[in-house]
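Please read the structure below before turning to the comments.
Numbers for residues simply follow the sequence, beginning at 1.
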Amino acid sequence: MNLCETLLELLIVAIAVASLLSNVLVLLCFASSAEIRAQVPGVFVLNLSMCNILAATVTMPSTVLGVARGGKPFGDFFCWTMSAVDTFLTTNAMLSMAALGIDRWVAVVFPLTYSSKMRYKKAFAMLAYAWLHSLAFSLIPVLLSWADYSPTYASCTPVHPGHAHTAHVAFTVFTAVLHSASFVLTLVVLCLAYLKVLQVARFHCKRIDVVTVQTLLLLVDIHPSVKQRCLLEQKKRRQRATKKICVFIGSFVLCFGPYVITRLAELVPSVGINRHWGIASKCLLYSKAAMDPFVYSLLRQQYRKALIGLTNRILGHDFYSSSGHSSSSDTDNDSNQQRVC
């Protein structure tokens, strides 16, 4: 094992640790906050976090062993199991992201009827489809003896069965359908849902901007600094939705795209995939498990509130009370400006 593979091995270990810790925090927030448990998107976040935790504790260590040994970590049965688990968790995680995108689209486009359109019954039905979808695609390679150790990715995964024409066509069709029904489907759902969310958000921001400008014109005697702050808030509000959507879609494409493109490219007989690139694309795929908690949950207000509550319980006192008192004067000074904006 050369230096490059050693660095890749250490990178996978770091990703696994980060994924495990961040996703466990999400589970702790979910368990400690009744507010989070009462929200339908929490079901999708919980399912996504469970997939990421299993990936960090099962498939990532298996890949580390594959890189270290340069072959199968253990026997054939273990490799078949790891191949099925890896495909299941990756596909299930993608579909969970698609479900979160659909939920956000319903919440923004139909805010008045969201509670009736997105109930727990529908959420569990969507998760049931995700599980059945992922289970079917994970078992097919095992049943058709396509699950084996791949030196290109240093992991147990669906591999090309051989040079026979019939087997090549069948495996090509399966690979194309798998990635079309997982990566492409999720990408289309994310783009359609979040672009519609962005369109609605910009429309609301435009209406808010009109009201704000009219208010500023009426309040001719307010301080210029207050007007400037309101204009800055307008600009930030317009940019905030765009940044969030770029993070949602961009992180998905950046992490899953290289691996999916590589898997499709290796179907061409004349294309050879470098082992280091194959493992690196697998690392990018694994890195999504470490990013998901921050993209979908931990940076949201409800989860930050739950984390503060957990910290206070562990420390046995209000850890943020002193900082809250110290900043109270600043809050009082800014309150009038916030009311105007």
Does the side chain of Y153 reach to within under 4.5 Å of the side chain of T262, using non-hydrogen atoms? yes
Are the side chains of L192 and W105 in contact, using a 4.5 Å heavy-atom criterion? no
Is any side-chain heavy atom of L8 closer than 4.5 Å to one of C283? yes
Please confirm whether F44 and Y296 have ring centers closer than 6.0 angstrom. no
Any donor and acceptor pair, going by atom type alone, linking the side chain of T90 with main-chain N or O of T87 inside 3.5 Å? no
Within this structure, what is the OG-CG distance for the pair S22 and L27, rounded to the nearest 0.5 Å? 10.0 Å
Separation between SG (C29) and CZ (R304), nearest 0.5 Å, reads 11.5 Å
Report the C-alpha separation of T157 and R263 in whole Å, then their side-chain angles, then the decisive distance to 0.1 Å, and conclude whether the side chain to side chain donor-acceptor pair (under 3.5 Å) test is met. CA-CA 11 Å; T157 184; R263 294 307 305 249; 2.9 Å; yes
Parallel, tilted or perpendicular: which describes the rings of F248 and Y194, with under 30° parallel and over 60° perpendicular? parallel
I need the Y149 OH to S155 OG distance, nearest 0.5 Å. 7.5 Å
Is it true that the side chains of N47 and S96 contain a donor and an acceptor less than 3.5 Å apart? yes
From CE (M97) to CG (L100), nearest 0.5 Å: 8.5 Å
Kindly indicate, with the supporting measurements, whether the criterion side-chain contact (heavy atoms from CB on, under 4.5 Å) is fulfilled by F30 and V45. CA-CA 9 Å; F30 188 88; V45 173; over 6 Å; no
If every non-hydrogen atom of Y114 is compared with every non-hydrogen atom of P41, which pair is closest and at what distance? OH-CD, 3.5 Å
Between D86 and K282, is there a salt bridge with N-O shorter than 4.0 Å? yes
Do R313 and S32 have side chains that approach each other closer than 4.5 Å (heavy atoms only, starting at C-beta)? yes
Identified side chain to side chain contact (heavy atoms under 4.5 Å, CB included) counterpart of V188 within the set L185, T186, V184: V184
Would you say the side-chain atoms of R275 pair up with the backbone N or O of P151, donor to acceptor, closer than 3.5 Å? yes
Ignoring hydrogens and angles, tell me if any N or O in the side chain of S33 forms a donor-acceptor pair with the backbone of I36 under 3.5 Å. yes
With a 6.0 Å cut-off (strictly less than), is the heavy-atom count around NZ of K244, excluding the residue itself, greater than 12? no
Any donor-acceptor pair under 3.5 Å linking the side chain of S62 with the backbone of V58? no
Cluster check V159, L264: I/L/V/M/F/W/Y, side chain < 4.5 angstrom: no
Report the C-alpha separation of H179 and V260 in whole Å, then their side-chain angles, then the decisive distance to 0.1 Å, and conclude whether the side-chain contact (heavy atoms from CB on, under 4.5 Å) test is met. CA-CA 7 Å; H179 295 300; V260 172; 3.9 Å; yes
Hey, quick one: are L198 and V106 part of the same hydrophobic cluster, counting side-chain heavy atoms closer than 4.5 Å, chains of contacts allowed? yes
Could you check whether D148 and W80, counting side-chain N and O atoms only, form a donor-acceptor pair closer than 3.5 Å? no
Taking P269's backbone N and O only, do any of them form a donor-acceptor pair with H168's side chain (distance below 3.5 Å, no angle check)? no
Are any side-chain N or O atoms of S182 and backbone N or O atoms of L178, one a donor and one an acceptor, separated by less than 3.5 Å? yes
For a side-chain contact (heavy atoms from CB on, under 4.5 Å) check, start with the C-alpha distance between Y286 and T59, then their side-chain angles and the critical distance, and finish with the verdict. CA-CA 9 Å; Y286 288 151; T59 59; 4.1 Å; yes
Heavy-atom side-chain contact between S138 and T91 under 4.5 Å: no
Looking only at heavy atoms, the pair that brings I249 and L190 closest together is CD1-O, 3.9 Å
Between N52 (side chain) and L48 (backbone), is there a donor-acceptor pair under 3.5 Å? yes
Aromatic contact, F174 with W146 (centres under 6.0 Å): yes
Is atom CZ of R300 surrounded by more than 12 heavy atoms (other residues, nucleotides or ligands) closer than 6.0 Å? no
Knowing that exactly one of F137, F252, F256, Y259 qualifies, which makes a ring-ring contact (aromatic ring centres under 6.0 Å, His included) with F183? F252
Gap between atom SG of C4 and atom CH2 of W277 - 0.5 Å precision: 12.0 Å
Would you say R37 has more than 12 foreign heavy atoms packed within less than 6.0 Å of its CZ? yes
What one should report as the nearest heavy-atom pair of E5 and V67 is O-CG1, 3.7 Å
Hey, any chance L20 and M82 share a hydrophobic cluster, counting ILVMFWY side chains that come within less than 4.5 Å of each other, even indirectly? no
Measuring only between side-chain heavy atoms, which start at C-beta, is T175 closer than 4.5 Å to F171? yes
Answer yes or no on whether R69 is positioned over the face of F74, meaning its NZ or CZ is under 6.0 Å from the six-membered ring centre and within 45° of the axis. yes
Same apolar cluster (I L V M F W Y, side chains within < 4.5 Å links), L144/F88: no
Report yes if some heavy atom in the side chain of H133 is under 4.5 Å from a heavy atom in the side chain of N92; otherwise report no. no
Is V295 reachable from L299 through a run of hydrophobic residues whose side-chain heavy atoms are each under 4.5 Å from the next? yes
Kindly give the heavy-atom pair with the smallest separation between V40 and A123, and that separation in Å. CG1-CB, 3.6 Å
Where the side chain of S287 meets the backbone of L284, is there a donor-acceptor pair that is under 3.5 Å apart? yes
For V189 and A98, which heavy atoms make the closest approach, and how far apart are they? CG1-O, 3.7 Å
For residues E35 and K305, determine if any side-chain heavy atom of one lies less than 4.5 Å from a side-chain heavy atom of the other. yes
Should S19 and M60 be marked as a side-chain contact (heavy atoms from CB on, under 4.5 Å) after you check the CA-CA gap, both sets of side-chain angles, and the distance that decides it? CA-CA 10 Å; S19 302; M60 293 186 198; 3.9 Å; yes
Straight-line distance of N23 CG to L28 CG, nearest 0.5 Å: 11.0 Å
Please report the closest heavy-atom contact between L65 and P73, naming both atoms and the distance. CB-CB, 3.9 Å
